[in-house]
Amino acid sequence: MKLTVSHPSHIREGVTIKTIMWSKIVILLILSLTSVAVFGLGVLALLLVSVLAAVLTEAGIQKLTNQELTIQDGDAVLIGLIIALLLPPDIKLWIPVVGAFFAVALVKHAFGGLGSTLFNPAIAAWVFMNMSWGALTGSKSIPHIGEYTDLLMEFGAGRMAEVSSVVLIIGGLYLMYKKYIDWRIPLFYLSSTIIMAVILGEELSYVLTGMLFLGVFILAPDPTTSPITKNGRIIYGLLCGIMTVIYGYLTYNYVVAVLYTIFFANAVAPFIEKNTFPKPVNEVPK
Amino acid sequence: MTTEDVKKVKDKEVRKQVVIPLLQHIGTVCEPIVDKKTEVLIGQKIGEGNDEFSVPVHSSTAGHVVAIEERPHPICGSVPSVIIESNETNDTIEFKTSKNPPKEYIISALKDSGVVELNGYSLYNMLTSEKLIDTVLINLSFSGDVSSNCAPENITSIIEGMNLLIKASDAQQGAFVIQKDDRQLISAIESGLFEEADIEIFTVEQNYSPSMANLLTYEITGMQIPNTCTPLDAGVLLSSASSALAVRKAVLEGIPQITVNVTVRGAVHNPGVKNVRIGTSIKEVIDSCGGYSGEPGKIIMNGIFSGTALSTDEVPVIKSTSHIIVQSSDEVLHEIPGPCIQCARCVDVCPANILPGRIASFADMGMHDECFKLHVNSCVECGLCVYVCPSSRHILQLIKYSKTVLQQLLKYEDELGSSGCLICETPCLASTPFISNGGIL
């Protein structure tokens with residue numbers, strides 16, 4: 001009789017990194033498929049190129065440094081997918097390749113790989129691309145949610161992420177229900193955005209775009225780059241919301257506002273975390 | 001299982017050897033007071049402690065002592081044990097019964113009977129610690145203890161045990177803590193309590209294991225107890241169903257703690273609750289449950305979240321054993337830990353409100369001073385963080401490792417006095433007074 005001796009706990013909930021990543025990927029794939037209706041089949045080439053570039057970069061780096069291949073955990077696929085969603089569909093295809101390489105090689109692996117990144121790789125790559133080739137990465141159209149049906153399918157979308165808010169909302173609620181993402185960041189991000197926009201007298205139809213929902217449900221609650229403390233996540237969500245509206249109010253572009261805000265929030269997340277360490281229930285008084 | 005089967009099992013049990021470890025509590029190893037070949041009776045004292053923390057050990061069978069030697073212990077490696085071969089009789093010593101005993105009698109009865117809490121502390125020490133006790137809490141929210149000891153026929157005994165504890169400690173009130181969704185137990189206790197005015201029932205949401213004593217007291221009384229103190233410091237005597245039963249038996253019937261109720265679950269043919277003599281090997285207990293179904297892969301004592309995985313089934317059942325879980329070899333987890341993705345799922349479930357994953361990462365890098373700053377000593381070792389970790393990291397193991405190192409660095413053992421486990425010299429008692437469910441560590 002062979003008995004295994006191991007440390008507790010002896011059962012697991014069954015949620016793994018793979019489940020979390022791949023459920024996000026499935027939601028974003030549904031979003032991409034709905035965007036075919038708006039942009040045509042051409043977007044599939046962008047998706048494919050972007051994802052392949054990210055995956056191949058990761059595989060190359062892990063081969064070169066003799067690490068175990070971790071493509072199956074879905075992180076590289078997710079990065080490639082988000083990069084494609086953030087770019088206009090008629091973009092020259094070498095840009096997402098460079099962007100995906102930048103994201104995976106410099107933002108992810110140079111900082112220590114999965115779990116050690118300071119910035120969300122996809123957003124950092126977008127910022128890099130936008131800084132470098134601003135004219136090429138700008139979108140031709142800015143979404144405007146004039147009617148409720150625009151939430152379902154927005155034909156004025158300039159990027160794939162903006163096509164269908166409903167897919168992102170339902171997907172985000174599913175992720176929260178399954179506890180794959182934390183509920184605090186989406187809740188406080190969305191509510192503070194709406195409250196700030198109402199206070200500043202902005203039209204919500206320009207604020208509540210698909211990009212905001214992508215930020216609220218996928219980009220901001222990204223586990224690695226958001227604070228781990230409970231209160232920290234509330235502050236992080238509030239900060240994201242307030243900054244998004246300030247940026248959008250000053251530049252009249254709520255799409256770019258979301259991305260730059262989360263990039264900024266990523267940068268201050270360690271600071272928020274450090275100042276919100278919880279007090280243990282049975283702490284020893286000093 | 002038919003009654004005949006039960007009888008058969010009982011007969012078989014009696015003829016076997018029992019291995020009674022001389023260490024079943026937090027404290028030093030007892031000195032054996034019997035020699036090889038001594039004839040002993042059921043209930044006879046065979047080991048006595050030589051310091052204030054130790055608890056006497058009694059024979060659970062009638063027969064003669066075969067050997068006194070080191071044998072495997074479920075938690076502490078190997079420990080000097082008294083091996084008694086049964087002579088197939090059920091001769092007992094004369095048990096001193098009493099009705100409506102006074103306070104002094106209860107305390108002296110508890111001293112002689114060696115009643116130990118599930119976490120390895122002696123009830124006698126708790127009652128005589130000179131701390132003012134105003135509340136007696138009996139924790140009925142630990143699922144292992146409840147499934148073993150809260151059968152309907154035991155409810156009256158548990159309430160009697162509670163009354164004895166209140167009397168012995170001069171407490172003003174008593175309370176049972178029960179999990180909210182355990183409606184059956186709540187109504188059973190309620191109907192048993194109809195004439196007791198000073199005993200209440202509290203419901204909690206969580207499953208409070210014995211290691212979470214401070215958190216449980218906080219939840220019920222609202223008093224925050226630092227991790228270097230015990231509920232006793234807040235005037236709360238926290239007990240369990242198994243101890244309440246043992247107290248009643250010891251005081252009213254004069255029978256020392258020589259049997260425990262053990263729930264056997266998992267990959268056995270007839271899972272269920274067994275009344276087991278202390279010193280019976282786990283193998284015999286499982287055989288009495290119909291044996292293993294399939295190839296056993298892991299035997300876990302006291303809790304699937306935080307219990308100890310045993311290296312062999314030849315170890316004896318001890319006083320703090322409350323349940324045994326057998327996993328078949330297919331159920332055993334074989335996972336390689338991945339990197340921490342900082343998803344904070346462990347932070348969300350942590351009952352002590354610390355950052356388990358972060359502490360584990362620091363412990364992994366050997367940065368124990370950072371672990372200390374992040375309150376590693378507040379960890380109650382419930383195992384929930386490991387349960388939810390999507391990367392299957394060894395969070396609890398790393399936290400315990402950090403506690404151990406810190407204890408050595410900061411010389412906590414001086415403050416703890418002799419209450420540490422002296423047998424294996426590994427300072428597994430760390431700095432938390434209430435340790436893993438296994439009890440003596």
Side-chain angles (χ1 to χ4, degrees), chain A residues 1-21 67-68 70 72-73 75 112-118 179-185 221-233 236 269-270 273-274 276-286, chain B residues 214-215 218 224-228 292 295-300 303-313 325 327 329 331-333 335 338-345 347-348 351-355 357-358 374-375 377-378 380-381 383-384 386-392 394 396-397 400 436:
Chain A
M1 186 169 62
K2 269 188 195 164
L3 289 180
T4 310
V5 180
S6 78
H7 214 265
S9 107
H10 304 287
I11 45 169
R12 296 272 190 277
E13 198 179 15
V15 179
T16 61
I17 294 180
K18 258 192 204 171
T19 11
I20 298 174
M21 295 287 184
Q67 292 172 42
E68 209 186 324
T70 58
Q72 68 282 5
D73 71 14
D75 192 45
L114 180 64
S116 307
T117 50
L118 178 59
K179 294 193 178 157
Y180 293 168
I181 58 171
D182 176 54
W183 57 270
R184 291 177 185 82
I185 297 174
D222 173 48
T224 310
T225 51
S226 56
I228 62 168
T229 56
K230 288 179 194 166
N231 292 338
R233 278 174 265 159
Y236 183 83
E273 193 176 282
K274 212 176 157 190
T276 51
F277 280 155
K279 229 175 129 146
V281 176
N282 49 2
E283 187 195 15
V284 182
K286 296 225 165 72
Chain B
N214 289 8
L215 300 191
Y218 173 58
Q224 282 205 344
I225 305 164
N227 55 50
T228 45
Y292 300 107
E295 179 70 22
K298 208 187 242 185
I299 301 174
I300 303 152
I304 197 143
F305 283 121
S306 50
T308 321
L310 303 175
S311 59
T312 160
D313 58 2
I325 300 162
Q327 283 183 336
S329 49
E331 286 174 300
V332 177
L333 298 168
E335 287 167 326
C340 172
I341 59 163
Q342 331 247 354
C343 61
R345 287 166 69 86
V347 180
D348 290 341
N353 203 16
I354 54 173
L355 308 173
R358 183 60 58 86
L374 288 175
H375 307 283
N377 289 329
S378 289
V380 293
E381 303 179 3
L384 279 176
V386 193
Y387 173 66
V388 299
C389 183
S391 248
S392 23
H394 301 159
L396 181 51
Q397 186 170 18
K400 282 191 181 177
S436 53

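Every chain is numbered from 1, with letters handed out A, B, ... down the list of sequences. Below, each value reflects all heavy atoms present in this structure, side chains not excepted, and no hydrogens, waters or symmetry copies.
By the 4.5 Å heavy-atom criterion applied to side chains, B:Asn353 and A:Glu283 are not counted as neighbours. Using a 4.5 Å cut-off on side-chain heavy atoms (C-beta onward), B:Pro390 and A:Ile20 make contact. Side-chain atoms of B:Ile354 and A:Phe277, non-hydrogen and from C-beta on, never get closer than 4.5 Å to each other. Using a 4.5 Å heavy-atom threshold, the side chains of B:Val332 and A:His10 count as separate. Within the 4.5 Å cutoff, no side-chain heavy atoms of B:Leu355 are placed close to those of A:Glu273. A 4.5 Å side-chain heavy-atom check between A:Asn282 and B:Val380 finds at least one atom pair inside the cut-off. Under the 4.5 Å side-chain criterion, counting only non-hydrogen atoms from C-beta, A:Val15 is in contact with B:Arg345. Within the 4.5 Å cutoff, no side-chain heavy atoms of B:Arg358 are placed close to those of A:Thr229.
Ranked by heavy-atom pairs under 4.5 Å with chain A, the first of B:Cys389, B:Ser392, B:Gly357 is B:Ser392. Put simply, of B:Ile304, B:Leu215, B:Val347, B:Leu384, the one with the most heavy-atom pairs under 4.5 Å next to chain A is B:Ile304. In terms of heavy-atom pairs under 4.5 Å with chain B, the best-connected choice from A:Thr225, A:Thr224, A:Asp182 is A:Thr224.
Counting all heavy atoms, side chain and backbone alike, A:Arg184 lies closest to B:Asp348 at NH1-OD1, 3.6 Å. Across every non-hydrogen atom of A:Leu3 and B:Asp313, the tightest pair is CD1-N, 4.1 Å. Pairing each heavy atom of A:Ile11 with each of B:Tyr387, the nearest pair is O-CD1, 3.5 Å. Between A:Pro278 and B:His375, the shortest heavy-atom contact is O-CD2, 4.5 Å.
B:Glu335 touches chain A through its side chain: at least one heavy atom from C-beta onward sits under 4.5 Å away, while N, CA, C and O do not. Within the 4.5 angstrom heavy-atom criterion, only backbone atoms of A:Lys279 (N, CA, C, O) approach chain B. For A:Leu114, the parts sitting under 4.5 Å from any heavy atom of chain B are the backbone and the side chain alike. Of the atoms belonging to B:Leu374, it is side-chain heavy atoms, and not backbone ones, that fall under 4.5 Å from chain A. In this structure, the portions of B:Gln397 lying under 4.5 Å from any heavy atom of chain A include both its backbone and its side chain.
Proximity of a side-chain donor or acceptor of A:Thr4 to a complementary backbone N or O of B:Lys298 within less than 3.5 Å is not detected. Not one N or O on the side chain of B:Gln342 forms a donor-acceptor pair closer than 3.5 Å with the backbone of A:Pro223.
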field: Intermediate values then yes/no, side-chain hydrogen bond (donor to acceptor under 3.5 Å, both in side chains), A:Lys2 and B:Ser329
entry: CA-CA 9 Å; A:Lys2 269 188 195 164; B:Ser329 49; over 6 Å; no

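Atom CD1 of B:Ile341 and atom OG1 of A:Thr117 lie 10.0 Å apart (nearest 0.5 Å). Atom SG in B:Cys343 sits 12.5 Å away from atom CD1 in A:Ile181 (nearest 0.5 Å). If you take CD1 on B:Ile300 and OG on A:Ser6, they are separated by 7.5 Å, rounding to the nearest 0.5 Å. Interatomic distance, OG of A:Ser9 versus NE2 of B:His394, reported as 10.5 Å (0.5 Å rounding).
In the displayed structure, A:Lys179 atom NZ is contacted under 6.0 Å by at most 12 heavy atoms of other residues, nucleotides or ligands.
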